[in-house]
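The block underneath contains the structure these notes are about, expressed in C-alpha cells.
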Amino acid sequence: MLKRTHNCGELRKENVGERVILNGWVDRRRDLGGIIFITLRDRYGLTQIVFNPGTDVYELAKNLGGEYVIGVEGMVRERPADATNPSMPTGEIEVLAEKLEVFSSSKVTPIYTNRDDETSEEMRLKYRYLDLRRPNMKENIIVRHRIAQIVRDYLNSLDFIEIETPILTKSTPEGARDFLVPSRLKKGKFYALPQSPQLFKQLLMIAGFDKYYQLARCFRDEDFRADRQPEFTQIDVEMSFVDRDEVLEVAEGLFVEIFKKVLGVTLKTPFRRYTYNDVMESYGSDKPDTRYGMKFVELNDIFEKTEFRAFREVIENSGVVKGFFVDEIYSRKEISNFENLAKSYGSKGLAWFRFSNGEVHSPILKFLKPLKIEELKRKFDIASDGTVFVVADDRKIVNTSLGAIRSELIKKKGKIQDSFDVFWVIDFPMFEWDEEENRFVAAHHPFTMPYLSDLERYKDGDLSKVRAQSYDLVINGYEILSGSIRIHKKEIQERVFDILKISKEEAKKKFGFLLEAFEYGAPPHGGFAVGFDRLVAIIRNVDSIRDVIAFPKTATGADIMTGAPSEVNKRQLDELGIEVKLKGDT
RNA sequence: GGGGACGUGGUGCAGCCUGGUUAGCAUGCCGGUCUGUCACACCGGUGGCCGCGAGUUCAAAUCUCGUCGUCCCCGCCA
C-alpha cells in the first residue's frame with residue numbers, strides 16, 4: 001500500500017523537489033486529452049495531481065472516476081507561473097504522479113460530494129456519509145470539534161472536571177415528554193433518557209465535586225424544528241460556593257474564548273444585562289435580537305387626553321399605550337396581517353402611523369392635534385421614512401402583541417450577517433400560571449432558587465411576581481444558555497414543590513433522593529447549560545442544527561439512513577413483556 | 001394535535017393554474033476532439049411508468065380524494 005507521507009492540504013512551495021505519497025478521494029478529474037489533472041481530496045484539503053502522457057500511470061489514470069480512493073506517489077513541483085491557482089492553499093504546487101494505487105473504486109454518487117448546494121435534504125440525510133464529504137459540512141463538523149475542545153481546555157484550566165452521568169435514568173414529571181426504555185429484568189418498568197443531567201449535577205455538588213462539566217447528550221420526546229432535535233448536546237456546567245455573578249463570569253469567559261479562537265471575534269465583557277422585565281417592556285420577547293432596534297416606547301402622555309376614546313379609556317383603566325418605530329413602509333395588506341397577529345395575542349387592534357415624504361398617514365390621525373404628531377416624532381427620534389405601530393391594552397398584552405409584530409418584521413428584514421448581539425437576561429419569573437393544569441409551573445425548573453425576599457413578600461399575593469435567580473444568555477435572538485442558582489435546602493425545595501402543587505408523596509417518590517441528599521450537607525451551588533448545537537450553528541452561520549450534527553434525525557424523528565425507528569421482532573417484545581397496539585387496534 | 005409548501009431521468013429544477021406535443025432546462029454520466037486545466041472547453045449521446053393507491057374523463061405529470069415521505073410554522077419544548 002502506498003502509505004501517505006503528507007496530507008492533501010499541506011504541501012507548499014517549500015516542498016518542491018520532495019518525493020511524496022498522498023492518499024485521498026478523487027474530487028475531480030480534468031482530462032485534457034494529452035494530460036490529466038486530478039484534484040485529490042482528504043479531510044485536510046485538495047492537491048492537484050498531474051499525469052503526463054506516455055507513462056504507465058497515465059493509462060491507469062484514464063480509468064479513474066469520481067470518489068475513487070487512491071494512493072499517489074510522485075514529485076512535488078512548482079506549477080508554471082500562469083497555471084497557479086490562488087484560490088487553493090496548495091495552488092502553487094502540484095504532484096507529478098509516478099505511481100498510482102487504486103484502493104477502492106466508487107459508483108457514481110447519488111449526490112454531489114464536491115459542491116455545497118443542489119441537493120435536497122432528504123437525499124443528503126439518506127447518504128449522510130457522502131454529504132459529510134462536502135466542504136461546508138466537513139467544516140461544520142470540524143468546527144464543532146474545535147469548539148468542544150476549547151470548552152474542555154477552558155473549563156479544565158479553571159479546575160473543572162468532566163464527569164459522565166447516566167443515560168438510562170428515571171422519568172421525571174414536569175417539563176418535556178421523556179423517551180422511555182423498557183426494563184427487561186423488571187417488566188412493566190421503564191428507564192427514561194435524561195432531558196438534562198440536572199439532578200445528577202446537583203448531586204455531584206453535594207458529593208463535593210465543586211466544579212463539574214460535561215458535554216451531555218440530552219433527549220426530549222417533543223415535536224422538532226429547525227433548531228430542535230430529539231437528541232441534542234448541552235455543555236453542562238455546575239459550581240459550588242458561588243453567587244450568580246461568579247457563574248456569569250465563568251460563562252462569559254467561555255464565550256469570549258470560543259468566539260476569539262474560532263472566529264477571531266472579540267466579545268466585550270461584561271456582557272450587557274437586562275432583567276426579564278426590561279426585555280419584555282422594551283422588545284416584547286425574552287430573547288430579542290436587539291440589533292434591529294425597534295425598541296418599545298410608552299406613549300401614555302401623548303394619548304391620555306386625546307379625543308381617541310379607545311386609547312384614553314385604556315389609560316384611565318390603568319392600561320398602557322406603547323409603540324415602536326421601524327424604518328420601513330408597509331402595504332395596507334401587510335399592516336392588516338400585522339393587526340391580525342396582534343389580535344391573536346389578545347389586543348383589540350393595531351394603530352399605525354406612516355411617515356413618508358414628510359407626510360403622515362394614520363387611521364387615527366383625525367383624533368390627534370399636529371402638536372401630538374410632533375411629540376410622537378420626537379419620542380421615536382424619527383428622521384427617515386417609516387412606520388410607527390401602536391397598541392393599547394393591558395401591559396402584558398401590549399408587550400406580547402408588539403413583540404410578535406416586531407419579530408415578524410425582523411423575519412421580513414432578513415438576517416444580519418457577521419455581527420453578534422450577546423447579552424444576559426436575568427431575574428426571570430419563578431412561577432408561571434398554567435391555564436391547562438390550573439396551577440403554577442416552574443418557569444425555569446423547580447430546582448431554581450427564588451429570591452427569598454420575593455417569596456416572603458408575595459406569599460399570600462401574586463406568586464407570578466416572584467423572581468428566580470435564573471439567567472439566559474441570548475445571542476442573535478436565540479437562547480443559547482440557560483441557568484440558575486439552585487435550591488440547596490430541603491425546606492425551600494419543599495416550599496417550591498408546595499407552590500407547584502406537587503404533593504409531599506409525589507415529591508418523595510419522584511425527587512426523594514434529592515431531598516434526602518439535601519439533608520447531608522448540600523453546598524450552595526448553581527450552574528448553566530449551553531445549547532451546544534445551536535451555538536455551533538450560530539458560529540457557522542447555518543439555519544438548521546441538522547447541519548452541525550453528523551447524523552441528525554428528520555422532523556418526524558426518523559433516521560433516513562439507518563431506517564430508525566424500526567419494528568422489532570416478537571421475541572424481543574416478549575422478553576420485555578410488551579405488546580404493541582397499532583393505531584386503529586382499539 | 002393543527003396549518004402550509006414540496007415530491008418529475010443519478011442530482012437540482014421547469015411544465016400542472018387552463019387535461020391532449022416526442023415531458024423541457026441545467027448538471028451528472030458515457031463516447032469523441034483536445035498537453036496547463038482547476039465547476040476545463042467544444043461536439044455527440046445515454047437516461048424518466050412524473051412518490052404510491054384510488055377516482056373523474058374518450059384522455060391525467062396536470063383535476064379530486066386518500067396515503068407515504070421531506071421541509072417550514074402554530075401548539076408542545078420545566
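Below, chains carry the letters A, B, ... as their sequence lines are ordered, and counting in each starts from 1.
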B:U37 phosphate, OP1 or OP2, under 4.0 Å from A:Arg30 side-chain N/O
no
| query | Cation-pi between A:Arg534 and A:Tyr478: NZ/CZ under 6.0 Å from ring centre and within 45° of the ring axis? | reply | no
To the nearest angstrom, the CZ-P distance between A:Arg124 and B:C6 comes to 21 Å
Ranking B:G36, B:A39, B:G75 by distance to the side chain of A:Asp223, first place goes to B:G75
Of the candidates B:C72, B:U70, B:C38, the side chain of A:Glu122 sits closest to B:U70
Short side-chain N/O contact to B:U11 OP1/OP2 from A:Thr119, under 4.0 Å:
no
Pairing partner of B:C76, by Watson-Crick or G-U wobble and under 3.5 Å for both distances, is none
* B:G19 versus B:C63 - spacing of their P atoms, nearest Å -> 9 Å
With under 30° as parallel and over 60° as perpendicular, where do the rings of A:Trp424 and A:Tyr471 fit, or are they tilted in between?
-> perpendicular
Using a 4.0 Å heavy-atom cut-off across all strands, classify A:Val108 as base, sugar-phosphate, or nothing. sugar-phosphate
To the nearest angstrom, the CG-C1' distance between A:Leu32 and B:C40 comes to 6 Å
To the nearest angstrom, the CD-C1' distance between A:Glu436 and B:G1 comes to 11 Å
Whole-Å distance, A:Arg41 CZ to B:C38 C1', equals 15 Å
Check whether any side-chain nitrogen or oxygen of A:Ser120 sits under 4.0 Å from OP1 or OP2 of B:G12, and answer yes or no. yes
Notebook entry, point to check: Heavy atoms under 4.0 Å, any strand shown: does A:Leu46 hit a base, just sugar-phosphate, or nothing?
Noted result: nothing
Using atom P of each nucleotide, how far apart are B:U33 and B:G51 to the nearest Å? 40 Å
Applying ring-ring contact (aromatic ring centres under 6.0 Å, His included) to A:Tyr330 and A:Phe338, what does each step give before you reach the verdict? CA-CA 10 Å; A:Tyr330 299 98; A:Phe338 300 149; 5.3 Å; yes
Among the nucleotides B:C34, B:C71, B:U37, whichever has the atom closest to the side chain of A:Asp31 is B:C34
A:Lys107 atom NZ is separated from B:U11 atom P, nearest whole Å, by 12 Å
Taken to the nearest whole Å, CG/A:Leu96 to C1'/B:G36 is 13 Å
The Watson-Crick or G-U wobble partner of B:U33, with both key distances under 3.5 Å, is B:A41
The residue, A:Pro110 or A:Glu222, whose nearest nucleotide of RNA chain B is more 5′ is A:Pro110
From CZ of A:Arg115 across to P of B:U27 the rounded distance in Å is 9 Å
Partner of B:C13 under the Watson-Crick or G-U wobble criteria, both distances under 3.5 Å, comes out as B:G24
* Quiz item: cation-pi between A:Arg228 and A:Phe224, 6.0 Å / 45° -> no
Q) Taking OP1 and OP2 of B:U37, is either one under 4.0 Å from a side-chain nitrogen or oxygen of A:Arg29? A) no
Over 60° means perpendicular and under 30° means parallel, so classify the ring planes of A:Phe447 and A:Phe511, tilted if in between.
perpendicular
If you count every heavy atom of other residues, nucleotides or ligands that lies below 6.0 Å from A:Lys553 atom NZ, does the total exceed 12? yes
A:Phe179 CZ to B:C77 P, in whole Å, measures 15 Å
